[in-house]
Amino acid sequence: ELVNNFADNTLDKAIFTADSPYGTFVLGYQKVQWGLEENTSSSKLLTIERSASNRFWNEGVSSSSQGRLGFGARHTGLHYANKAVLDAAQTLEYGASVANAAQGQANNSGNDIGVFANLIYTYKISDTNKHSLGLNYGTQRDNRDAAGTNGAGLTNATISGYNPYIKSQFDKLIVQAEYISTTNEAVPGSTPNAVERKPEGYTILAAYKFTDQVEGVVRYSQLDTDGQGATFGGLYRDAANITTNIYNKFDSVYVGVNYYFVDHNAKIMFGYEKAKASEGLTAATLGAAQNGSKADADIFRLQAQVLF
């Protein structure tokens with residue numbers, strides 16, 4: 001299977017799949033299980049953009065978007081998935097990935113292995129009454145350089161952590177929440193990570209369908225980088241013009257309305273997000289001392305989607 005992203009001419013997926021009595025084995029380039037929002041297809045998201053918490057761990061490392069970890073998302077390797085049917089209503093899904101620790105379809109900055117594992121318990125009464133509880137685990141070498149701004153570093157430090165989440169649907173109401181936390185080992189001589197850091201973030205979302213076509217959505221997201229910091233524009237898409245400063249903490253509230261013509265195949269989404277950053281760093285360097293500076297933005301987005 002080969003899936004190309006025509007918007008920026010990059011690969012979304014390039015895999016060989018083999019089904020067996022022991023589960024499904026996938027060899028190639030695809031997303032690992034890390035982040036409920038990240039592993040929800042962009043076409044089926046209930047908000048227009050993913051939260052800052054998810055973007056902090058899953059978006060790629062960049063000198064222009066400092067602070068992101070480049071941990072989850074797409075990796076090349078061997079992926080495994082299986083499902084056990086416990087009874088008519090209950091299933092248990094589990095899987096794992098052993099992949100290149102570096103993100104990207106052609107990343108050769110290192111020769112290290114990343115390991116990810118996941119477990120999902122689902123209790124399904126009907127298509128509109130179902131509940132899932134999941135847990136993701138991941139560990140890989142920290143591929144960032146000493147400044148934390150490029151994915152070409154070779155150190156002995158690792159990033160590892162857990163991502164528990166819940167997703168429930170009660171007829172017209174959908175509720176989902178997730179928590180993400182990692183332990184980022186200290187990198188000797190590194191500006192941002194000379195000490196061990198334990199960033200954590202969480203996201204809570206509720207969506208309600210008032211009619212078959214009209215849906216309201218509310219989401220709250222919070223991120224604490226534990227002193228490392230991140231840029232505002234690196235976590236909120238198209239917001240780099242707000243400030244180039246680096247901040248330690250972020251939180252936002254998203255309120256939106258979705259109108260479905262044909263489910264997710266044809267829909268219009270409108271959303272407003274109030275995004276805030278606090279505990280600014282005294283220099284444009286990750287890990288610098290903090291001061292009391294803050295930043296905020298009022299973000300309006302409109303998206304129309306048609307799938308063929």
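Scope of the values below: all heavy atoms of this structure, side chains included, with no hydrogens, waters or symmetry mates.
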Next item on the list: Decide side chain to side chain contact (heavy atoms under 4.5 Å, CB included) for I180 and Y165; before the verdict, give the C-alpha distance in whole Å, the side-chain angles of both, and the deciding distance to 0.1 Å.
Entry: CA-CA 9 Å; I180 304 178; Y165 64 88; over 6 Å; no
Within a reach of under 6.0 Å around [atom1] of [X], are more than 12 heavy atoms found that belong to other residues, nucleotides or ligands?
X: K267; atom1: NZ; result: yes
X: D263; atom1: CG; result: yes
X: K274; atom1: NZ; result: yes
X: K276; atom1: NZ; result: no

Without swapping roles, check the side chain of [X] against the backbone of [Y] for a donor-acceptor pair under 3.5 Å.
X: T182; Y: N184; value: no
X: R50; Y: R55; value: no
X: Q176; Y: L205; value: no
X: D224; Y: E200; value: no
X: N265; Y: L307; value: no
X: E37; Y: S51; value: yes
X: N258; Y: G216; value: no
X: T183; Y: K198; value: no
X: Q103; Y: N58; value: yes
X: E215; Y: A207; value: no

In Å and rounded to the nearest 0.5 Å, what is the [atom1] to [atom2] distance from [X] to [Y]?
X: K249; Y: D226; atom1: NZ; atom2: CG; result: 9.5 Å
X: L78; Y: F16; atom1: CG; atom2: CZ; result: 13.5 Å
X: Y94; Y: N118; atom1: OH; atom2: CG; result: 11.0 Å
X: E93; Y: K83; atom1: CD; atom2: NZ; result: 4.5 Å
X: E59; Y: L69; atom1: CD; atom2: CG; result: 11.5 Å
X: T231; Y: R68; atom1: OG1; atom2: CZ; result: 7.0 Å

Would a hydrophobic clustering, with Ile, Leu, Val, Met, Phe, Trp and Tyr connected at side-chain separations under 4.5 Å, put [X] with [Y]?
X: Y179; Y: V253; result: yes
X: F261; Y: V257; result: yes
X: Y260; Y: V217; result: yes
X: Y29; Y: L27; result: no
X: Y202; Y: L36; result: no

Test applied, side chain to side chain contact (heavy atoms under 4.5 Å, CB included); reference residue, [X]; option that passes from [options]:
X: T47; options: E273, R301, Q303, R219; answer: R219
X: I48; options: F270, Y254, F300; answer: Y254
X: H75; options: Q30, K31, Q140; answer: Q140

What pair of heavy atoms forms the shortest contact from [X] to [Y], and how long is it?
X: F25; Y: S20; result: CE1-OG, 3.5 Å
X: L2; Y: A14; result: CD1-CB, 3.7 Å
X: I299; Y: Y236; result: CD1-CB, 4.2 Å
X: W57; Y: G201; result: CH2-N, 3.7 Å
X: E196; Y: A186; result: N-CB, 3.7 Å
X: I246; Y: A230; result: CG2-N, 3.3 Å

Checklist line | CA sep, side-chain torsions, deciding dist, call: D171, K209, salt bridge (charged side-chain N to carboxylate O under 4.0 Å, His left out) | finding: CA-CA 9 Å; D171 194 20; K209 272 200 168 182; over 6 Å; no
Next item on the list: Begin with the C-alpha distance, continue with both residues' side-chain angles, and end with the deciding distance and a verdict on side chain to side chain contact (heavy atoms under 4.5 Å, CB included) for I268 and L302.
Entry: CA-CA 8 Å; I268 293 178; L302 177 65; 4.0 Å; yes
Notebook entry, point to check: Hey, do the aromatic rings of Y121 and Y123 have their centres closer than 6.0 Å?
Noted result: no
Check: Between F116 and H79, does the ring centre distance come in under 6.0 Å?
Finding: no
Do the non-hydrogen side-chain atoms of [X] and [Y] ever get within less than 4.5 Å of each other?
X: L286; Y: L281; result: no
X: S53; Y: F250; result: no
X: Y162; Y: L135; result: yes
X: K130; Y: I174; result: no
X: Q90; Y: L92; result: no
X: L235; Y: Y247; result: no
X: D127; Y: Q169; result: no

Notebook entry, point to check: Do the side-chain N and O atoms of T122 and S132 include a donor-acceptor pair separated by under 3.5 angstrom?
Noted result: yes
Check: Hey, mind stepping through N54 and E178 against side-chain hydrogen bond (donor to acceptor under 3.5 Å, both in side chains) and telling me if it holds?
Finding: CA-CA 10 Å; N54 261 257; E178 68 175 314; 2.8 Å; yes
Next item on the list: Output, in order, the C-alpha distance, side-chain angles, deciding distance and verdict of side-chain hydrogen bond (donor to acceptor under 3.5 Å, both in side chains) for N82 and Y80.
Entry: CA-CA 7 Å; N82 205 351; Y80 170 77; 3.1 Å; yes
